[in-house]
Amino acid sequence: MKKVKLGVLVSGRGSNLQTIIDNIENGNLAAEVAVVISDQADAYALERARKYDIAAVQLSAKGYRAKREEYDALLVGELRKYGVELVCLAGFMRIITPVLIKAYPNRVMNIHPALLPAFPGLHVQKAALEHGVKFSGCTVHFVDEGMDTGPIIIQAVVPVLDADTEDSLSGRILTQEHKIYSRAIQLYAEGRLKVEGRRVMIRDGKTSADEFLINP
Ligand code: GRF
């Protein structure tokens with residue numbers, strides 16, 4: 001199978017990037033990380049990329065605070081330079097603009113640590129605990145022009161336990177993030193994702209609900 005060229009955008013530790021790399025290495029993901037781009041020079045994710053001889057680009061956002069479109073145009077330039085076909089946001093702490101989305105329509109994915117549309121934005125595990133929900137989880141979705149609003153590809157559900165802290169809940173969710181992000185990318189690589197309005201259909205085979213029901 002042809003390998004999908006990924007551009008992974010990061011800002012921090014890069015554990016999702018690491019699992020994507022691991023799944024590629026062990027043959028579970030028909031993809032290649034063509035480039036990792038960070039807006040933060042000290043992102044550990046860049047080091048992870050370098051260890052595997054993956055191009056690691058730091059694109060500082062300094063001076064682009066009010067010029068998000070210009071920053072995204074630079075991003076698009078880098079992504080194209082590396083022949084990127086699918087853009088994966090993995091802890092990228094910037095709001096992206098239509099410049100990136102129009103360059104990669106339905107080809108930008110994001111992982112979010114809550115069951116969207118509940119708890120979009122930041123500090124969502126804390127928000128879930130404070131709200132008192134009994135289940136939370138994570139969502140892989142295509143990115144559109146809103147904040148965490150794009151069509152949902154896969155979700156995984158985890159219970160919220162009485163003893164949970166923000167850390168323990170985040171950890172339980174992160175374990176599932178690592179599973180479903182690679183799974184969503186693999187479905188894309190197999191050409192099995194079909195976007196119909198807000199719904200993402202998975203062609204042939206099991207639906208995501210069969211595989212990712214509830215994870216203790
Ligand atoms: C993850 O919780 C992801 O859902 C969110 O940012 C975090 C990134 O973690 N968007 P990592 O850098 O992949 O370890």
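One-based numbering, in listed order, for ligands and for the atoms of each.
Relative to the ring axis of Tyr71, Arg94 places its NZ or CZ within 45° and under 6.0 Å from the centre.
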Practice item. Report the C-alpha separation of Gln155 and Thr139 in whole Å, then their side-chain angles, then the decisive distance to 0.1 Å, and conclude whether the side chain to side chain donor-acceptor pair (under 3.5 Å) test is met. Key: CA-CA 4 Å; Gln155 294 185 303; Thr139 304; 2.9 Å; yes
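By the salt bridge (Lys or Arg N to Asp or Glu O under 4.0 Å) test, Lys5 pairs with no residue at all, sequence neighbours left out.
The list of salt bridge (Lys or Arg N to Asp or Glu O under 4.0 Å) pairs with a residue in residues 46-60, not counting sequence neighbours, is empty. Counting only residues at least two apart or on different chains, the salt bridge (Lys or Arg N to Asp or Glu O under 4.0 Å) pairs with a member in residues 65-82 are Glu78-Lys81.
Inspection of the Gln18 and Tyr52 side chains reveals an N or O donor paired with an N or O acceptor under 3.5 Å.
Protein residues with any heavy atom under 4.0 Å from ligand 1: Arg13, Gly14, Ser15, Asn16, Gly91, Ile111, His112, Pro113, Glu177.
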